[in-house]
Amino acid sequence: MLELLPAPPADPLWDLTAEYAADPRPERLDLVLGVYRDHTGVTPVMAAVKEAEIRLAERSGSKEYLGLSGNTAFNRAMLTTVLGTEALTARATAVQTVAGTGALRLLADLVRQTRPGTTVWISDPAYVNHRPILEGAGLTVRTFRWLDATGLLEDLREAGRGDVVLLQGCCHNPTGADPSPETWEELAGLAAKNGWIPFVDLAYHGLGDGLEADLRPTRMLAERLPEVLIAVSCSKNFGLYSDRTGCAVVVGSSARALRHAETALQNAARTLYSMPPDHGAAVVATVLEDERLKAAWLAELDAMRHRITANRTDLVGHLGALGHEEEACALGRQKGMFSMLPLTPGGMLRMRRRSGIYGTTAGRINIAGVPAHRIPFLARGIADALRAPAATETV
């Protein structure tokens with residue numbers, strides 16, 4: 001049987017990570033994967049998370065199976081955190097998932113059950129896993145322009161009733177470019193007029209303009225529209241990368257519709273992994289249900305956001321000082337963990353070869369993964385890669 005298996009495509013991000021690991025240069029810099037790193041280059045466990053884990057260990061609770069919806073305290077906390085008001089949480093249901101990726105897939109399965117062959121629109125450029133997840137669920141994928149607000153709205157005027165539009169709620173991956181508040185308002189109006197359903201991917205809230213500001217567009221869509229789908233990840237803002245903690249949220253217009261949606265999500269989860277692991281969800285619930293721990297978490301989240309912003313500001317200054325003011329200005333308008341460099345795939349390859357700086361082929365780097373003292377090195381590497389390749393260099 002296995003001899004009949006065709007060679008599958010490799011995962012580009014993990015291939016680059018493996019290439020970085022094999023690079024012998026001590027000065028090399030890994031900016032491929034989307035993880036937050038502190039000034040020492042370490043991905044820390046947040047202090048609020050550590051304390052919650054100690055409390056859970058001391059409690060020595062049972063390891064009995066969870067229900068199909070997962071940790072119900074976590075689900076309630078997620079609804080309150082994401083939607084904010086009782087009026088909105090009353091119109092929503094939530095199911096715990098295996099991270100944000102699991103939430104995306106469960107909600108994609110929900111869309112397929114509702115309307116097989118539904119068209120889902122994703123941004124161009126998009127998070128590398130959006131298309132595979134949606135197509136894996138049997139959905140049709142179309143794209144809309146992201147970096148041009150006028151083009152974005154023009155393209156989405158073609159989205160029709162019953163279509164689904166996947167929007168990243170903040171800190172767009174891979175570009176770091178978000179719509180203006182005015183553009184978000186226009187998107188809500190367009191969805192209401194043409195009848196398409198927003199599908200919001202929330203993976204970086206708290207790391208852009210602050211938690212409340214980052215959640216504002218999602219809440220506005222939920223207030224204005226009868227139905228919204230939301231995939232929530234706790235990987236970045238709680239640092240629970242390997243604990244795979246997330247949530248699928250459905251905002252609906254009737255209690256009956258929400259009951260059916262929750263059961264459909266449970267059934268989809270049952271066939272994929274039965275039920276999610278509890279540890280990460282129990283940690284998040286413990287933090288959010290305790291006012292002192294929640295305040296400590298928010299303070300840590302703000303500190304992470306400020307470090308990311310300082311990194312980007314520093315990079316803009318060093319790149320401008322090297323004579324690349326226009327490129328630096330574009331980087332300065334971006335938000336969140338990622339920045340899209342003004343480099344072609346050939347330029348990104350040159351940067352890897354010449355400087356040992358690893359980002360994705362499309363130009364994305366993890367600005368949250370750069371130790372502050374390495375920013376000048378990164379700026380020099382970008383500036384060097386912006387120069388035309390040598391005549392003898394093969395790209």
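The basis for the numbers below is simple: all heavy atoms, side chains too, and nothing from hydrogens, waters or symmetry mates. Predicted model only: the values in this text are computed from it and were never measured.
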Q: List the steps and the verdict of side chain to side chain contact (heavy atoms under 4.5 Å, CB included) for Glu262 and Val250.
A: CA-CA 8 Å; Glu262 183 175 356; Val250 177; over 6 Å; no
Q. Got a sec, which hydrophobics cluster with Met1, joining ILVMFWY side chains under 4.5 Å apart, including via others?
A. Leu2
Q. Between the side chain of Ser233 and the main-chain N/O of Ser235, is any donor-acceptor distance below 3.5 Å?
A. yes
Q. How far does CG of Asp314 sit from CZ of Arg307, to the nearest 0.5 angstrom?
A. 11.0 Å
(Q) Please determine whether side chain to side chain contact (heavy atoms under 4.5 Å, CB included) holds for the pair Leu378 and Ile365, giving the CA-CA distance in whole Å, both sets of side-chain angles, and the decisive distance to 0.1 Å. (A) CA-CA 10 Å; Leu378 172 60; Ile365 62 167; 4.1 Å; yes
Q: Calculate, to the nearest 0.5 Å, the distance between atoms OG1 and CZ belonging to Thr344 and Arg350 respectively.
A: 5.5 Å
Q) Can we say Arg28 and Asp23 salt-bridge, meaning some charged N sits less than 4.0 Å from an Asp/Glu carboxylate O? A) no
Q) Can you list every ring-ring contact (aromatic ring centres under 6.0 Å, His included) pair that touches residues 235-266, not counting sequence neighbours? A) Phe238-Trp297
Q: Could you tell me whether the side chain of Arg115 and the main chain of Asp163 form a donor-acceptor pair under 3.5 Å?
A: no
Q. Should side-chain heavy atoms under 4.5 Å link Ile, Leu, Val, Met, Phe, Trp and Tyr, which residues sit in the same cluster as Ile54?
A. none
Q: Mind checking the CG-CG spacing from Leu319 to Leu331? Nearest 0.5 Å is all I need.
A: 6.5 Å
Q) According to the interplanar angle, ranging from 0 to 90°, do the rings of Trp146 and His172 count as parallel (below 30°), tilted (30 to 60°) or perpendicular (above 60°)? A) parallel
Q: Start with the C-alpha gap between Met78 and Leu288, add the side-chain angles, then the distance that decides, and say whether side chain to side chain contact (heavy atoms under 4.5 Å, CB included) holds.
A: CA-CA 9 Å; Met78 285 292 95; Leu288 295 180; 3.7 Å; yes
Q. Can you name the closest pair of heavy atoms from Leu258 and Thr93 and give their distance?
A. O-CG2, 3.8 Å
Q) Any sub-3.5 Å donor-acceptor pair from Arg352's side-chain atoms to Tyr20's backbone N or O? A) no
Q. To the nearest 0.5 Å, what is the distance between CG (Asp178) and OG1 (Thr183)?
A. 10.5 Å
Q.
Check this for me, if you would: do Arg380 and Asp384 make a salt bridge, where the nitrogen-to-carboxylate-oxygen distance has to be below 4.0 angstrom?
A. no
Q. Which value, rounded to the nearest 0.5 Å, describes the distance between Ile367 atom CD1 and Leu31 atom CG?
A. 7.5 Å
Please tabulate, for side-chain N and O atoms in residues 220-229, each donor-acceptor pair with protein atoms closer than 3.5 Å (sequence neighbours left out).
unit_1	atom_1	unit_2	atom_2	d
Arg224	NH1	Glu185	OE1	2.9
Arg224	NH2	Glu185	OE1	2.7
Arg224	NH2	Glu185	OE2	3.3

Q.
Given 3.5 Å as the limit, does a donor-acceptor pair link the side chain of Glu300 with the main chain of Ala47, or not?
A. yes
Using a 3.5 Å cut-off and no angle test, enumerate the donor-acceptor pairs between side-chain atoms of residues 3-11 and protein atoms at least two apart in sequence or in another chain.
unit_1	atom_1	unit_2	atom_2	d
Asp11	OD1	Leu13	N	3.0
Asp11	OD1	Trp14	N	3.2

Q: Give me the one residue out of Asp201, Val164, Val141, Val165 that meets side chain to side chain contact (heavy atoms under 4.5 Å, CB included) with Ile122.
A: Val141
(Q) Between Arg131 and Thr143, does the side chain to side chain contact (heavy atoms under 4.5 Å, CB included) criterion hold? Intermediate values first, please. (A) CA-CA 10 Å; Arg131 181 183 287 272; Thr143 61; 3.5 Å; yes
Q. Can a donor-acceptor pair be found between the side chains of Ser69 and Gln266 at a distance below 3.5 Å?
A. yes
Q: Say whether, by atom type as modelled, one donor and one acceptor occur between the side chain of Thr89 and the main chain of Glu86 under 3.5 angstrom.
A: yes
Q: Would you check if there is a donor-acceptor pair between the side chains of Thr245 and Asp243 at a distance under 3.5 Å?
A: no
Q) Is the closest basic N to carboxylate O distance between Arg37 and Asp30 below 4.0 Å? A) yes
(Q) Using 30° and 60° as the class boundaries, would you call the ring planes of His130 and Tyr127 parallel, tilted or perpendicular? (A) perpendicular
In residues 274-285, what donor-acceptor pairs under 3.5 Å come from side-chain atoms, sequence neighbours left out?
unit_1	atom_1	unit_2	atom_2	d
Ser274	OG	Arg270	NH1	2.5
Asp278	OD1	Asn71	ND2	2.9
His279	NE2	Glu53	OE2	2.8

**Q.** Neighbour count above 12 (heavy atom, 6.0 Å) for Arg256 CZ
**A.** no
Q. Salt bridge or not for Lys335 and Asp214, using N-O below 4.0 Å?
A. no
